Amino acid sequence: MSDQILSTTPKAAHTRRLPQVNPVYFILAALIVAIILNNPAFAEPAGYMNFLKRAAPLAILAAGQLYVIVSGGFDLSVGSLITLVVVGSSMLLNNDPNATWWVIPVMFGIGLAVGLINGLVVCYLKVPSLIATLGMMITLNGFAFMWSGGAPRGYLPDSFRYFGRVNIMDVPLIRMLPVALIVLITVGFVLNWLMHRTNLGRMIHAIGDNPRAAQLAGVPVNRVRIIAFVVSSLSAVVTGILLGGFAGVSTDVGTGYELQAITAAVLGGAQLLGGRGSVPAAIAGALTLTAIFTLLNFLSLPQPVRQVVQGLILIVAVALAMYRRKRTGQ
Amino acid sequence: MKKFLSHALAASMVLAASSATIAQNFNDPEEYARQLEQLSMAPNGPEGKPWVQYLVDKMADTAKYAKEGPHTVCFSNAGVNNPWRVVGFTNMTQEVALHPEIGKFVHVDAEGSDDKQIADIADLLASGNCDILIVSPNTTAALTPAVEAACKKLPVIVFDRGVQTDCPVTFIHPVGGYGFGIQGAQFIADNVKPGANVLMLRILPGVDVLETRYSAGRRILDNAGLNIVGAEFTDGDNAKTKSIVEDYLQRGSIDAVWMDAGATAVAAVEAFEDGGHDIPVFVGEDQQDFLQKWRALDMKAIAPTYPTYQWRTPIIAAVRILKGEAVPGPEWVLPQPAITQETLDTYINDKMPPLHYAMCGCQDMPNYPVAWGGVK
């Protein structure tokens, strides 16, 4: 039966099936297989759980960044916000493990304020988001530098580092479960629901696709755009808490993360300048970026070769994502 | 994976500078032998004050520079762009405060740019206010002509990185990169069995002071018959360092870790800790966080140093030169001690920030520890 169907409409079946699975999942699967072939220990819980723990901060950041991208903007301020969160937390905590409970809300407060300012500047001062968030990035870097004096001034106590560092051991089946992975799953679920199951998500898509049409259709464009920036900033705060937890304080911890988050979202098929994107695919894009790094570690290539390979894989992966979009005509 | 941009930038800079780097040799057997010898030399000068000690007993006559005070000391700084330089520059400003002869201390920060530093030096010369110029060059070759021009007008002191001219009154520096590499690698060779697995962690390729550390370390580890499982670049990034070590641990055991700088040493130690592995023999540096980790986990470790006390020396030299007193020259080679298990406790101070460089020679200065970011 199925043979017959295939033989009569091979082309239609082909084009109909392609768009159903985002190519980023194939790329990710291929990379994971390559890693396991190189290093069978990766298939053990200690291997893949460490990988997921390491990828969690970027995955959350990419999911948050996706909100701004789909709404038609960029958020370049997230990297320096991460730095500010890590440096600021270490200053406020001042080695006191009991301060964690109030320092984390303060950081979310800072994130909320940064997102609001980004959104307000873009909406009401009409500054393009690329420039508005670039300005914010430089400003926040300045704040972090002023606060710390250029070198870390304090440690992060274990109570703060719990989220990014600790693995819950002796879990049945998987043996270990990083707390960072629980955070990723929770945040990923919430962001996915908001984006793909609510009116807010539809409105974000609408203003990214065609802001004028969205406005005429009654979408509160400014409010939705500001919310997108706030979501991105809050995700950067979560990322900062996880990264500080994973590896401790340094004054350039967030450097480069804004571009990685955008890259991850694009790998997941998000359309720069808005209107299209998926939260799970952006997370898969982040896992892909981390997998490239891990694979190259295992291959132990010399550094220059590694950079070339890393760049090429990245271009090929994004080209694949774009090819798929052309095929689907969206 | 982090910092795509900086990678691309670094790659293009390496390409652009390849003509210059070919001329530089980061694995010079003569320089290696000289530094190896200097590591064990007994220093000249007052006991317990390594920042005024010197290894090479040759003095520069400075009588012609004698001048009435108060003096204006000008300093062209490559940058205050990493914790090492933050600590160093604090040492320097605190040293200035100890000398009433210095009427004015002018500091210009080149923010890590050769062009800006060349312009800074020209501006300082044009102002005509400087009695003496201290230069900490951003890069060696690019700053040489600017330093030569300055030498024609006033006495010049160069420190940290050098320049390719002997016109400065003196060039102040500790033993050097080879010495740093030797101290760490020799400790590993002495404390593991032949054939043991060693992981080498480096910050960036192509930086002279780091390349020499690596070539010296590699030479000793190879000669000792150790198995170098990898030499990886960390970008000085904690998260990346920890990830790299975790990946290596998945592939096999590691008996020793050699590092060319210690800012990310604690992240590397944590990778062993969190994975439930024994902590191997470790080479770190004199950062407080590493020293404290070392003691807390009772590790077998060593901390070679690139002492930040060398930032005090140029000020002391400047004052002496303007008095017409002889100073060690044309090179003032400072001792470069490593912190070992025996001396560990004397350098630990948990009131200091994590990346405070303990070999600062600043413990007895009046504003210690507050000026360095510590708490009383």
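Worth saying up front: this structure is predicted, and the values here are computed from it rather than measured.
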> What part of B/Gln287 lies closer than 4.5 angstrom to a heavy atom of chain A: side chain, backbone, both or neither?
Replying inline: neither
Distance-minimising heavy-atom pair for [X] and [Y]:
X: A/Ala247; Y: B/Ala267; value: O-CB, 4.4 Å
X: B/Ile244; Y: A/Phe293; value: CG1-CZ, 4.0 Å
X: B/Val86; Y: A/Gly149; value: CG1-O, 3.9 Å

Structural part of [X] lying under 4.5 Å from a heavy atom of chain B:
X: A/Arg153; value: both
X: A/Phe42; value: both
X: A/Arg165; value: both
X: A/Asn297; value: both

> Taking everything shown except A/Tyr162 itself, do over 12 heavy atoms lie less than 6.0 Å from its OH?
Replying inline: no
> Any chance OH of A/Tyr48 has more than 12 other-residue heavy atoms, nucleotides or ligands included, within less than 6.0 Å?
Replying inline: yes
> Within the distance-only criterion (no hydrogens, no angle test), does the side chain of B/Asn238 pair as donor or acceptor with the backbone N or O of A/Val249 below 3.5 angstrom?
Replying inline: yes
> Does the B/Arg251 side chain pair with the main chain of A/Asn39, one donor and one acceptor, at a distance under 3.5 Å?
Replying inline: no
> What residue, out of A/Val166, A/Thr294, A/Leu243, has the most heavy-atom pairs lying under 4.5 Å from chain B?
Replying inline: A/Thr294
